[in-house]
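Notes follow once the structure below has been shown.
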Amino acid sequence: MPRIRLVDLLRSESCPGKVFVQGWVRTKRDAKGFSFLEINDGSCLANLQVIADAILPEYSSAVLPARTGASVEVMGELVASQGKGQRWELRAEKVVLTGSAPEDYPLQKKGHSLEFLRSIAHLRPRTNLFGAVFRIRSRMAYAIHRFFQERGFVYVHTPIITASDCEGAGEMFRVVTMEREKVRTGKEEFFGKPTYLTVSGQLEGETFACALSDIYTFGPTFRAENSNTSRHAAEFWMIEPEMAFCDLEGDMALAEELVKALVADALDFCAADLVFCNQFVDKELIQRLKFVRERSFQRISYTEAVALLLASGKSFEYPVENGVALQAEHERYLTEEHFQCPVTVYNYPKGIKPFYMRRNDDGATVAAMDLLVPGIGEIIGGSQREERLDVLEANLREQGLDLDAYRWYLDLRRYGTVPHAGFGLGFERLLMFVTGVGNIRDVIPFPRTPGVAAF
RNA sequence: UCCUCUGUAGCUCAGCGGUAGAGCGGGUGGCUGUUAACCACUAGGUCGUUGGUUCGAUCCCAACCGGAGGAGCCA
């Protein structure tokens, strides 16, 4: 008899009769003459209540020892539950203890702290919260592909090992071989020159946009920054669309559309898991997500934002000043207090942004944008790219970068240059926003942060 | 990297200059169509590490290591 997943079983409208299920015991309650087994197989948040009668021949060998954490398989008949709290329950006819869980099984029926669960990251997906978070993560990855594929974007796999050593996005990890012989003979560089783990697929993505028009990347990214915050990881996933024949306006529109679409998808397809997050993580989560889905985002230029902050009368730890980067507290004020919804800030001062962003006609600002969301801050950063060869070369020189290393990148402007734009969306930051989880370490299966690469 | 807080039983925490306690979890027994069930009993700890102060330190001090929050950087 084929196994049926709990997600499908518990959705049954009418009684499916005899079924076969497999999963892990979440808790067991022994009564006189029978036991209640709550089993979960990760296909959904809900557990299945199994009634195992003491007259079963394997009752003492398989049912009584099936403690929290044990894996079991149960054959039986699904019947309407006599008790409250569940619609269906499984009346066991045969129970097999696939794998027992000794008494030192670390997960209790009680709630655990997120810090403790991080120390057992290999077992934490067995908890309600992490099951929910990682089902949502999977769904969001799918929704991202769907969003771009439906709009005709081509998925491009940019390299993870890169030779561009100065993409301007942060400290990089070096890639070296472990072969001692090569180190001794001075041929330690496998690729003949220093290589690094990518900090962004943007520059490579631009090359494909300047050929296939609309592309996106979705893959791992690495930053060797010594950042110790709840919003940074050394390894994270990023989505980077890049569009030819597109300006900043189109870029901002796509970014807002994407965030809205993903929030709507989560509300539609992860309802049960979001209800759980709403109950145990953030009581205002669903309300906020619905608000984001329905309301239009705000847009404000950097100059307007500065004026607004100066006029706010708020005393900030860092003073607001034109030409200086907005601090986290400033961004937070805009999105959490003033607008109380996602805000796109655009046209930043040229001096605080990287070389590839397109210089505006005022000569002082660049066509850059950041999308800020309440609770997280910056979730998307993007720009229209500088498509004019002479301006781009001047920018590189101004920032002291080696033009030769960017030869291939400059070629895009030398041969059939086009206006183009794109942005980067931090996947984990999106997940924090969608789940309400406050620490990036709890939305990625095995987090890598300074000093920590467990598992 | 900087600032602040923190490190006591498997987990969550209380405590105190005279070498430790609760709840939950575990074990045993009981009870019950139960819902993080309930009741009783019971077993668990060189109080993060290393130094120092002291007659005496889990408690005070210092350094180090781990964890958390905030900042910077960014996604």
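Naming: A, B, ... by sequence-line order, numbering from 1 per chain.
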TODO: Select one nucleotide: of B:rG26, B:rA75, B:rA68, the one nearest the side-chain heavy atoms of A:E103.
DONE: B:rG26
In residues 317-330 of chain A, what donor-acceptor pairs under 3.5 Å come from side-chain atoms, sequence neighbours left out?
unit_1	atom_1	unit_2	atom_2	d
A:E329	OE1	A:E317	N	2.9
A:E329	OE2	A:E317	N	3.0
A:E329	OE2	A:Y318	N	2.6
A:H330	ND1	A:Q327	N	2.9
A:H330	NE2	A:Y318	O	2.8

Open item on the list: Less than 4.0 angstrom between a side-chain N/O of A:S227 and OP1 or OP2 of B:rC74, yes or no?
Closed with: no
Open item on the list: On the nucleotide B:rA71, are OP1 or OP2 found under 4.0 Å from the side-chain N or O atoms that A:Q327 carries?
Closed with: no
Task: Watson-Crick or G-U stems involving RNA chain B, each at least 3 pairs long, distances under 3.5 Å, ordered by first number - done: B:1-7 with B:65-71, B:10-13 with B:21-24, B:26-30 with B:38-42, B:48-52 with B:60-64
Task: Span that lies between the P atom of B:rU53 and that of B:rG15, in whole angstrom - done: 29 Å
Task: Gap in Å between the two C1' atoms, one belonging to B:rG21 and one to B:rU8, rounded - done: 10 Å
Task: Sidechain-backbone polar pair: A:R385 side chain, A:E242 backbone, donor-acceptor under 3.5 Å - done: no
- [ ] Among B:rA37, B:rC31, B:rG72, find the nucleotide with the atom closest to the side chain of A:K32.
- [x] B:rC31
Task: Closest listed nucleotide, where the reference is the side chain of A:Q108 and the choices are B:rG67, B:rU32, B:rG25 - done: B:rG25
Task: Side chain of A:R67 - closest among B:rC73, B:rG67, B:rG27 - done: B:rG27
Open item on the list: Looking at B:rG33, I'd like to know if its phosphate oxygens (OP1 or OP2) sit under 4.0 Å from a side-chain N or O belonging to A:S81.
Closed with: no
Open item on the list: By nearest atom, which of the nucleotides B:rU34, B:rU1, B:rC11 is closest to the A:F36 side chain?
Closed with: B:rU34
Task: Proximal nucleotide (of B:rU34, B:rA71, B:rG26) relative to the A:Q49 side chain - done: B:rU34
Open item on the list: Students often get this wrong, so: under 4.0 angstrom with heavy atoms, is A:V50 touching a base, only sugar-phosphate, or nothing?
Closed with: nothing
Open item on the list: Between C1' on B:rG33 and NZ on A:K84, what's the gap in Å once rounded to a whole number?
Closed with: 12 Å
Open item on the list: If I pick the C1' atom on B:rG45 and the same atom on B:rA14, what distance separates them, to the nearest angstrom?
Closed with: 15 Å
TODO: Take atom C1' in B:rU49 and the same atom in B:rG66, then report the distance between them in whole Å.
DONE: 10 Å
- [ ] Mind checking A:R91 for me? I need base, sugar-phosphate or nothing, with any heavy atom below 4.0 Å counting as a touch.
- [x] base
Open item on the list: Measuring only the C1' atom in each nucleotide, how far is B:rG44 from B:rG10? A whole number of Å is fine.
Closed with: 9 Å
- [ ] Not counting sequence neighbours, which residues clear side chain to side chain donor-acceptor pair (under 3.5 Å) with A:T217? List them please.
- [x] none
TODO: For nucleotides B:rA62 and B:rU4, find the distance between their P atoms and express it as a whole number of Å.
DONE: 12 Å
Task: Ring centroids of A:F236 and B:rA75 base under 5.5 Å with planes under 30° - done: yes
